Amino acid sequence: MVKLDSKIPSGPLAEKWTNHKFNIKLVNPANKRKYDIIVVGTGLAGASAAATLGELGYNVSAFTFHDSPRRAHSIAAQGGINAAKNYQNDGDSVYRLFYDTIKGGDFRAREANVYRLAEVSNNIIDQCVAQGVPFAREYGGLLDNRSFGGAQVSRTFYARGQTGQQLLLGAYSALNRQIAKGKVKMYNRKEMVDLVVVDGKAAGIVTRDLVSGEIETYSAHAVILATGGYANVFFLSTNAMNCNVTAGWRAHKKGAFFANPCYTQIHPTCLPVHGEHQSKLTLMSESLRNDGRVWVSKLKGDMRNPGDIPENERDYYLERKYPSFGNLSPRDISSRSAKEAVDDERGVKGQEAVYLDFEDAINRLGKKAIEEKYGNLFEMYETITGENPYQVPMKIYPAPHYTMGGLWVDYNLMSNLPGLFVLGEANFSDHGANRLGASALMQGLADGYFVIPYTIGNYLASDKPEKHAANSAPFKEAANQIKDFTANLLSIQGKHTVDEIHKKLGRVMWNQVGMARNAEGLKAAIKEIKELKELFWNDVKVVGKAEELNQNLERAGRVADYLELGELMALDALERNESCGGHFREEYQTPEGEALRDDENYTHVAAWQFDKAGAWTRHKEELTFENVELSTRSYK
Amino acid sequence: MAEKMINLKLKVWRQNGPKAVGAFEDHDVSVSADSSFLEMLDELNDSLERNGKDPVVFESDCREGICGTCGLVINGQPHGPIPKIATCQLHMRHFTEGQTIWIEPFRAKAFPVLKDLAVDRSAFDTIMHAGGYVSVNTGGVPDANAIAIPKDVAAEAFDAAACIGCGACVAACKNASAMLFVSAKVSQFAVLPQGQPERYTRVQKMVKVMDELGFGSCTNTYACEAECPKGISVKNIARMNKDYIKAKVKTEKIELEA
Ligand SMILES: Cc1cc2nc3c(=O)[nH]c(=O)nc-3n(C[C@H](O)[C@H](O)[C@H](O)COP(=O)(O)OP(=O)(O)OC[C@H]3O[C@@H](n4cnc5c(N)ncnc54)[C@H](O)[C@@H]3O)c2cc1C
Ligand code: SF4
Ligand code: FES
């Protein structure tokens, strides 16, 4: 069994990061330009990393499959970003943000990582403001905050309902400045399709040019993946259409361990599915739960219009079940409660939906105040559904949204493959089994602006990796394998379209590896996914050629990876015989239906090693809690 | 589920590459009124693929009107007939039974067609490289609340910063001018205190690159504002012009003094 060394620095929690920064090796300023670093992904994590490393003097090559770094999925984040500024004087602190995040993650994250995240959160806000990010402000001109699920303080900074956009444009502007200076070379429309490993170390990548179809190789002293999450394995999710797991998955097949793949977040406030041909689901920001009240009818099969259901026949189930957090209960709990209501046949007019109602808030604060806070979200709702949420309550339902699992990394954000670093949603590090709202933006920027610039220097200075030629044998071999893979996909010429198989996979994942799981369902899922994989490789239809702009081929490659990942997610869920955070196993629940952890046997990270197709070895990284007591998460 | 279906005639622009000659291709489709416009194209592509034909290339990502990736000219209008939304937010309930829909790419000299409905908008990035930032490094910046910024100023900056870089303004303009896009970024920084130190050099650098890239000049027809999915105001163009003239005067002064 491989021993996973998390490299957590010794010493008291609050001093670990400071001591670590002092103890790690530095690359002197004149030597930085001798190092080449590849950054794949230009979302919040990748753009902030590439810009900062460029500022420090490294030679950075940044890659994205998008036509511009500004399109990364981070742009779609709505609600906000957390920081422990305590500007509201309501009792927040680094320790409280740390504690809320550990607890929110159901005690399945590393204390040291989470503490560092909370610690640097304040720097992020300072940095973004200096860049000109137009955060919301109060009349006195100071920054405004709001609260998010899983917290009792107001620590979320926001820019109307477009926080991700403004933060990403900030990071993008910093990146542009380095591109102009020649310190970052930007490669748009290039998809990483493989990781090249030489002598056990990450040495470069293979890419496919999405316009010409050309397969190319790039080498560097270190490779950073900041390639986002994998919720699109469900086909329908809140993620952008092109989000995919390919970069991470191909690295996994080259030896990087995949940690906690079953930890997925189903977001409670999304628009319900409208029909068979739906391409994606739309998130309504969780910030709406600050003022919206979630309810369903108390009666089964109630077909009345919401306005005709009197107050005493409504069940404000979150307020009822969790009086102290109410509508702001954490995501996993809120989602599961919605599912329970629907399973109990109390969904909106028999549909998979519950109400999110603003009537009280409008009466209390006035329509104008609500408009100011949520105007664009309300508009968005009306554009999609054709209904006016100022007049009728919104209909919402949970949808796959975020993936806490990802490539395993140590405290330095380095995977088990030396020289391969993983940032942002692509790694598994900070959110345990459930992520709190407004913490992903924080983590992406923490990793990119304030962690990797230090830790990568330590690797370069102490390991002194060499750079291999991008046309050396291992690179050529990797490129040839990819060409064969592509040729193979195009040669099948079967009957089923890529989307058709992806939708089928999505249904299996949603039904059996979604909000509630059980051993029997998971075993069935594994079998069904294997069959779908067979079907794909024997009977998929991919049209067009390899050497051209071919979106069908792009999707096919991504779905091929999802089919393998889906199996591992089910396997991970099956092996984790407990319920924690977003992973709810029906067999393990309290009499009241709450998640029942098994701390004795499962206070660990499951890190999966790829052996061969359909076979993995499960490694464990034990989690030790020295500062917080493992308690039953209570939001009552 | 009983969905309301509508039948439509599509005239879709097909073009095999930047230099290839393009033409409209006809397709008859039947689509749910609840579907989005892009979901209709997804369905069309799925049936094309099933029949071994090349799907129509079009781009999209967030499908929520925020990433700026999508962008089609629908019946002659960038992002289609409904104001203040991006193509991906357009729903089929706005079309009528039997209607003919013309679907084209954003056309402009600075946005060459890559294939079918996908265009290359990297010229926008190139303009940003020239000065679309505040020159601060990571770290060593003051506390976020060190400078108070009046709420209305922050809101004004936000309104300009809301641009999604879709390029509809360019596609809408008979001169293919990029003034609305560039002025949005220039304005965001021109109103904020953080943007002041580089205010006048920034506008000059960005306008220079914009001109070099082959975007046309602005003749104040305001077609850009009308088609902009984010309602970016032409007031930004006026502000940019003012700053540009001031910048000229300033640099001349500096040159004289030197
Ligand atoms: C609708 C929505 C709303 C959200 N709202 C919030 C919120 O309010 N607060 C919050 O904290 N979090 C929110 N989140 C979560 C948060 O937005 C994401 O977790 C975060 O932005 C991820 O950032 P990232 O940099 O890790 O990855 P991404 O932003 O996903 O970027 C990934 C990058 O990698 C590139 N890439 C991927 N694969 C490849 C490849 N193979 N080759 C080349 N390039 C590749 C992409 O082009 C892209 O540039 C939201 C998420 C969604 C879906
Ligand atoms: S100004 Fe409007 S139309 Fe032009 S790129 Fe920005 S959002 Fe698109
Ligand atoms: S797909 Fe993102 S704006 Fe339309």
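Just so we're on the same page: letters track the sequence lines, and every chain starts at 1. Given the structure is predicted, the values throughout are model-derived calculations rather than measurements.
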Working to the nearest 0.5 angstrom, can you tell me the gap between B/Leu213 CG and B/Thr126 OG1?
5.5 Å
Side chains of A/Glu554 and A/Asn550 in contact at under 4.5 Å (non-hydrogen atoms):
no
Honestly, the part of A/Phe157 sitting under 4.5 Å from a heavy atom of chain B is neither
Tell me, for A/Thr238 versus chain B, whether the close heavy atoms (under 4.5 Å) come from the side chain, the backbone, both or neither.
backbone
Select, from A/His277, A/Arg71, A/Met241, the one with the greatest count of heavy-atom pairs under 4.5 Å involving chain B.
A/Arg71
With a 4.5 angstrom heavy-atom cut-off, which part of B/Gln89 approaches chain A: side chain, backbone, both or neither?
both
Contacting moiety of A/Lys280, where chain B heavy atoms sit under 4.5 Å:
both
Does the pair B/Arg50/A/Glu500 count as a salt bridge with the N-to-O cut at 4.0 Å?
yes
Relative to chain B, which segment of A/Thr385 carries a heavy atom at a distance below 4.5 Å: side chain, backbone, both, or neither?
backbone
For the CG atom of A/Asn188 and the OG1 atom of A/Thr42, what is their distance to the nearest 0.5 Å?
7.5 Å
Would you indicate whether the side-chain heavy atoms of B/Ile149 and B/Gln194 approach each other to under 4.5 Å?
yes
Measure distances from B/Ala160 to the heavy atoms of chain A and classify the residue's part below 4.5 Å as side chain, backbone, both or neither.
neither
Quick check on the interface: out of B/Pro150, B/Gly165, B/Ser35, B/Gly65, who has the most heavy-atom pairs with chain A under 4.5 Å?
B/Gly165
Please rank B/His94, B/Met128, B/Met40 by heavy-atom pairs under 4.5 Å with chain A and give me the top one.
B/Met128
Salt-bridge criterion met for B/Asp143 and A/Lys85 (N-O under 4.0 Å):
yes
Whatever's closer than 4.5 Å to a heavy atom in chain B on A/Leu142 counts as both
Which atoms of A/Glu548 are under 4.5 Å from chain B, going by heavy atoms: the side chain, the backbone, both sets, or neither?
side chain
Counting heavy-atom pairs closer than 4.5 Å to chain A, which one of B/Asp34, B/Asn16, B/Asn45 comes out on top?
B/Asp34
Would B/Lys185 pass as a cation-pi partner of B/Phe181, given that its NZ or CZ must be under 6.0 Å from the six-membered ring centre and within 45 degrees of the axis?
no
Looking at B/Gln15, is its backbone amide N or carbonyl O close enough to the side chain of B/Asp116 to form a donor-acceptor pair, meaning the two atoms are under 3.5 Å apart?
yes
Determine the option with the most heavy-atom pairs under 4.5 angstrom with chain B, choosing from A/Leu283, A/Asp499, A/Thr282.
A/Thr282
Interface moiety of B/Val191 toward chain A, non-hydrogen atoms closer than 4.5 Å:
neither
Between B/Asp159 and A/Arg160 (salt bridge meaning N to carboxylate O under 4.0 Å), is one present in this structure?
yes
Check whether B/Val209 gets within reach of chain A through its side chain, its backbone, both or neither, counting any heavy atom under 4.5 Å.
neither
Taking the side chain as C-beta and beyond, is there a heavy-atom pair between B/Cys88 and B/Thr69 under 4.5 Å?
no
NZ/NE/NH1/NH2 to OD/OE distance under 4.0 Å, B/Arg239 and B/Glu156:
yes
Interface residue of largest heavy-atom contact number with chain B, from A/Lys541, A/Gln131, A/Gln165, under 4.5 Å
A/Gln165
Relative to chain B, which segment of A/Leu169 carries a heavy atom at a distance below 4.5 Å: side chain, backbone, both, or neither?
side chain
Tell me, for A/Gln278 versus chain B, whether the close heavy atoms (under 4.5 Å) come from the side chain, the backbone, both or neither.
both
Among B/Gly131, B/Ala148, B/Ala130, the residue with the most heavy-atom pairs under 4.5 Å to chain A is B/Ala148
Looking only at side chains, do B/Arg63 and B/Ser36 share a donor and an acceptor under 3.5 Å apart?
no
Can you say whether A/Glu372 sits under 4.5 Å from chain B via the side chain, the backbone, both, or neither, judging by heavy atoms?
side chain
Check each atom of B/Asp61 against the heavy atoms of chain A and say whether the ones under 4.5 Å are side chain, backbone, both or neither.
both
Measure across A/Gly494 and A/Asp539 and return the closest heavy-atom pair with its distance rounded to 0.1 Å.
CA-OD1, 3.0 Å
Interface moiety of B/Ser32 toward chain A, non-hydrogen atoms closer than 4.5 Å
neither
Look at B/Val141, B/Asp54, B/Ile147, B/Leu114 and state which one has the largest set of heavy-atom pairs under 4.5 Å with chain A.
B/Val141
Which of the residues A/Ala51, A/Pro69, A/Gly132 is involved in the greatest number of heavy-atom pairs with chain B at under 4.5 angstrom?
A/Gly132
Minimum-distance pair of heavy atoms, taken over all atoms of B/Asp243 and B/Val203:
O-CG1, 4.0 Å
For B/Phe106 and B/His79, I'd like to know if the aromatic rings sit close, meaning centre-to-centre distance below 6.0 Å.
yes
Contacting region of B/Glu43 [heavy-atom separation from chain A under 4.5 Å]:
side chain
For B/Leu192, which atoms come within 4.5 Å of any heavy atom of chain A: side chain, backbone, both, or neither?
side chain
Does any heavy atom of chain A fall under 4.5 Å from the side chain of B/Lys53, the backbone, both, or neither of them?
backbone
Flag side-chain contact, heavy atom, 4.5 Å: A/Gln351 against A/Pro272
no
Does any part of the side chain of B/Ile6, heavy atoms only, come nearer than 4.5 Å to the side chain of B/Val31, both counted from C-beta?
yes
Residue A/Glu138 versus chain B: region with a heavy atom under 4.5 Å
backbone
Do you know which of A/Gln178, A/Met380, A/Gln127 has the most heavy-atom pairs with chain B at a distance under 4.5 angstrom?
A/Gln127
With respect to chain A, which residue among B/Gly140, B/Pro142, B/Pro55 yields the maximal number of heavy-atom pairs within a distance under 4.5 Å?
B/Pro142
Bottom line for A/Leu281: the part with an atom under 4.5 Å from chain B's heavy atoms is backbone
Can a salt bridge be assigned to the pair B/Glu59 and A/Arg189 using a cut-off of 4.0 Å between side-chain N and carboxylate O?
yes
Okay, B/Phe189 and chain A: the region with an atom under 4.5 Å from a heavy atom over there is side chain
Region of A/Asn123 that comes under 4.5 Å of a non-hydrogen atom in chain B
neither
Would you call A/Lys190-A/Asp209 a salt bridge at under 4.0 Å N-O?
yes
Most contacts with chain B, counted as non-hydrogen pairs under 4.5 angstrom, among A/Ile179, A/Ile384, A/Ile125, A/Asp67:
A/Ile384
For A/Ala353 versus A/Lys395, what's the shortest heavy-atom pair and its separation?
CB-CB, 4.3 Å
Between B/Ser135 and chain A, which part of the residue has a heavy atom less than 4.5 Å away: side chain, backbone, both or neither?
both
Okay, A/Gln551 and chain B: the region with an atom under 4.5 Å from a heavy atom over there is side chain
Under 4.5 Å from any heavy atom of chain A, what part of B/Ile164 do you find: side chain, backbone, both or neither?
both
B/Met240 side chain reached by B/Val207 side chain, heavy atoms, under 4.5 Å
yes
For the residue pair A/Tyr87 and A/Asp126, what are the closest heavy atoms and their distance?
OH-OD1, 4.4 Å
Heavy-atom cut-off 4.5 Å, strictly under: side chain, backbone, both or neither for B/Ala146 against chain A?
neither
Tell me, for A/Gln78 versus chain B, whether the close heavy atoms (under 4.5 Å) come from the side chain, the backbone, both or neither.
side chain
